[in-house]
Amino acid sequence: MQLREHLEEFCRRRDGGPYPAYRDLRGRWALDGVDLEILRVQGDPFASPSKARLWIPWSQTSLNPADGTRLGAQGCRQMGRIDVESARAVAVRDFLGRTVGAWLEKHSPRQTNGRSLARMMPHGQEILDRTAVLLHEDAVEVRLTLDLPARGRRILGRLAHELLIDFPEDLVARVFADGVRLDALERHVAACEDFAFLQSRLEDEGWIGFVADGSSLARRAGNDERPLLGEDVVLFESPISMRQTVELPHAGPTTGMALEPGVTLLCGGGFHGKSTLLRALSSAIVPHVPGDGRERVAVRPDAQSVRAEDGRAIHEMDLRPFLRDLPLGRSTGSLTTENASGSTSQAAAILEAMQAGSRFLLIDEDTSATNFMIRDPLMERLLARDREPIQPLLHQARTLFEKLGVSLVLVVGGSGEYFRVADRVLVLDTYRPIDETHRAREIARERDPLNPDDTEAGRFREAMETARSFSSGPKANGPRGSRVKALAPDRITVERVEVQLHGMESLRDIASSRFLSRIVSWRQRELSGTRSGEMRDVLALKGAVEAEWSRAGLDGFGPEPAVDVAAVRWLEVAGTFDRLRSRPAPRVDWGLEPE
Ligand code: ADP
Ligand code: MG
């Protein structure tokens with residue numbers, strides 16, 4: 001431990017000195033009421049930023065140190081699953097992260113260009129198991145990204161003093177000592193605990209999802225996850241036939257729509273809220289902040305949304321359950337392509353999700369390949385079965401549910417063919433679901449039923465069980481392994497090769513894709529070492545990821561503690577490796593003058 005006065009002296013003496021002298025700051029400094037630990041020092045002002053953490057003893061905070069469990073970087077027991085035992089600690093951490101983030105926006109020391117020198121990733125609508133704030137036996141830990149201040153390549157001593165001494169001490173004195181809104185903190189905890197409890201109740205009751213009456217599901221815009229506000233917002237109201245009441249620890253008796261396993265259709269005219277309900281379900285694998293509108297919506301933790309992603313890469317997937325042989329005699333028993341079609345990509349996404357452990361898939365016609373969803377009787381007359389390699393989902397839905405236990409929630413406004421396979425048909429009318437199962441069954445009686453099939457089930461099982469490997473991804477440039485970066489919640493790059501993750505709707509926070517990029521980078525390093533075989537094989541890699549998670553949790557998968565990452569499920573990890581490409585897009589010179 002080094003002393004405050006030595007840090008002060010550094011800032012004074014090194015003012016105007018060469019930037020690399022900042023390297024001497026690595027280590028832990030005892031300030032007034034807080035320790036500052038510099039984990040990583042950037043090589044120059046333009047390199048990727050420095051990392052630091054603050055250790056704030058409980059005695060310096062207005063928080064109750066005896067309150068709730070401690071949850072450090074080891075994270076929740078199961079990766080990406082906020083369970084009842086850890087819900088309180090996750091919520092406290094998340095809330096403190098938001099509090100610090102809000103304070104930083106106003107009070108962080110700034111570069112002359114206005115850029116904040118201390119940063120934390122903004123937290124969105126989800127409450128996540130993340131590393132921004134951690135709770136230990138003796139202290140609260142806050143992790144930050146820092147830009148060590150410079151003019152040109154010279155140290156700016158005064159600003160360094162502000163950033164490294166004044167700012168942490170102020171943060172503790174003005175925020176942690178008495179600036180935390182404890183009532184709001186308790187509401188945050190309540191939302192998170194109720195969610196975790198609701199999710200565990202789903203398992204007890206054998207439901208796959210629950211949407212509480214009064215929930216507000218609509219979002220403000222396609223690029224704005226905050227709730228839609230105003231008089232026109234219609235609150236959720238469950239159909240009586242599906243209405244159930246659960247007792248939640250904070251909200252008390254809560255009535256809403258309980259979804260049973262099976263094939264559930266969301267029908268109804270355009271613009272009546274089908275996609276909104278589906279999206280609310282797919283996002284409800286994690287809790288949402290108070291006021292979000294989806295606090296009391298939960299689905300089983302293995303829920304995964306699936307869509308068509310034409311153009312994506314697929315690696316060694318056995319697609320035979322959905323795709324018989326392709327033109328020119330190409331077999332689909334182990335398909336590898338850098339350019340999948342819409343239907344092929346959707347078939348792959350379903351099989352990949354199932355292989356990664358999901359037995360609950362959410363699919364929207366808006367983002368599906370039509371020929372993957374249905375083939376209607378007229379088309380069947382034109383194209384004999386043996387000329388169409390695609391076995392549409394319609395024909396496999398009963399097999400999926402009855403033989404493999406896969407529940408489906410499908411938005412289909414365009415085809416009543418799905419009545420033939422549905423256990424439950426909900427019609428959305430002005431954002432309210434109406435149970436029309438009986439009428440839909442009546443109508444479907446005109447057509448032959450589509451029964452489950454043992455041969456088809458065998459094909460699915462084989463596709464799940466056949467050994468398979470993930471793509472190795474692009475070759476690493478240099479000995480330190482690949483450079484992997486998270487650009488957005490749904491986009492990472494590996495050695496400048498872009499990997500699109502928008503097919504996984506569950507990824508909504510950049511902290512989550514940062515964790516994914518950390519895992520990818522870890523694997524790229526291990527691939528060139530003794531564990532390369534293990535890192536390729538799907539099942540072996542799953543084992544290795546789980547082992548690393550139980551060893552070090554959020555701080556696993558890398559040599560340094562992780563700043564601003566959030567846990568994701570194996571489903572997202574596998575989904576990321578499934579989408580790895582090996583080659584970058586060629587550079588194209590459009591020959592255009594700049595505007
Ligand atoms: P669909 O998929 O049935 O065509 P969407 O779910 O896309 O419909 O919803 C259509 C529009 O209605 C969207 O702009 C959405 O934000 C809005 N919306 C959805 N649910 C509600 C609601 N409960 N109250 C008010 N507006 C809503
Ligand atoms: Mg829609």
Side-chain angles (χ1 to χ4, degrees), residues 124-126 209-240 242-243 254-259 263-284 288-299 303-310 342 346 349 361-374 393-394 408-419 422 424-437 439-440 490 502-506 508:
Q125 295 299 109
E126 302 177 321
F210 187 89
V211 183
D213 289 339
S215 294
S216 178
L217 308 182
R219 299 296 102 189
R220 219 164 279 184
N223 61 355
D224 188 345
E225 273 287 293
R226 291 175 300 169
L228 186 68
L229 302 174
E231 283 166 18
D232 295 344
V233 173
V234 177
L235 301 183
F236 187 81
E237 193 183 309
S238 54
I240 292 170
M242 297 169 80
R243 194 169 288 170
T254 300
T255 300
M257 178 178 84
L259 269 177
V263 179
T264 304
L265 303 190
L266 306 180
C267 309
F271 232 65
H272 279 264
K274 304 182 296 295
S275 299
T276 303
L277 174 56
L278 192 81
R279 236 177 278 129
L281 289 171
S282 73
S283 70
H288 291 96
V289 297
D292 174 84
R294 298 170 294 184
E295 297 94 312
R296 285 179 286 285
V297 183
V299 289
Q304 185 73 323
S305 57
V306 166
R307 58 177 287 167
E309 298 163 69
D310 53 327
Q346 197 165 3
L361 304 173
L362 301 128
I363 298 174
D364 193 334
E365 64 184 358
D366 292 357
T367 51
S368 291
T370 307
N371 58 345
F372 176 77
M373 298 298 283
I374 50 164
L393 183 63
L394 174 69
L408 301 167
V409 176
L410 306 168
V411 171
V412 278
S415 169
E417 288 285 308
Y418 267 93
F419 297 162
R424 182 76 71 176
V425 179
L426 297 178
V427 171
L428 276 127
D429 184 5
T430 330
Y431 316 121
R432 292 215 171 89
I434 299 163
D435 187 350
E436 292 278 22
T437 310
R439 277 222 310 162
D490 59 0
H502 68 280
M504 292 186 282
E505 280 223 9
S506 44
R508 288 184 163 86

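One-based numbering, in listed order, for ligands and for the atoms of each.
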Tabulated below should be the N or O atoms of ligand 1 paired with protein N or O atoms at under 3.5 Å; can you produce that?
residue, atom, partner, partner atom, Å
ligand 1, 2 (O), Ser275, N, 2.9
ligand 1, 2 (O), Ser275, OG, 2.8
ligand 1, 3 (O), His272, N, 3.2
ligand 1, 3 (O), Gly273, N, 3.1
ligand 1, 3 (O), Lys274, N, 2.9
ligand 1, 3 (O), Lys274, NZ, 2.8
ligand 1, 4 (O), Phe271, N, 2.7
ligand 1, 6 (O), Ser275, N, 3.3
ligand 1, 6 (O), Thr276, N, 2.8
ligand 1, 6 (O), Thr276, OG1, 2.5
ligand 1, 8 (O), Gly273, N, 3.1
ligand 1, 12 (O), Tyr431, OH, 3.3
ligand 1, 23 (N), Val234, O, 2.7
ligand 1, 24 (N), Val234, N, 2.9

When rounded to the nearest 0.5 Å, the distance separating OG of Ser283 from CD of Glu505 is 8.5 Å

- Task: Check whether the side chains of Asp364 and Ser275 place a donor and an acceptor atom closer than 3.5 Å, and report yes or no.
- Result: yes

### Message
So that I can tick it off, tell me whether Glu225 and Arg294 are bridged by a salt bridge, with the cut-off set at under 4.0 angstrom between side-chain N and carboxylate O.
### Response
yes

Rounding to 0.5 Å, atoms OG1 (Thr430) and NE2 (His272) come to a distance of 5.5 Å

_Using side-chain contact (heavy atoms from CB on, under 4.5 Å), reason through Leu265 and Phe419 one step at a time and then give a plain yes or no._
CA-CA 8 Å; Leu265 303 190; Phe419 297 162; 3.8 Å; yes

Applied to residues 227-239, the salt bridge (charged side-chain N to carboxylate O under 4.0 Å, His left out) test, sequence neighbours excluded, yields Glu237-Arg432

Total protein N/O/S atoms sitting under 2.8 Å from the Mg ion (ligand 2), waters ignored, is 2

Taken in chain and number order and not counting sequence neighbours, the residues that satisfy side chain to side chain contact (heavy atoms under 4.5 Å, CB included) with Asp224 are Arg220, Ala221, Arg226

CZ (Arg243) with more than 12 external heavy atoms under 6.0 Å: yes

Rounded to the nearest 0.5 angstrom, the CG-OG distance for Leu235 and Ser215 is 8.5 Å

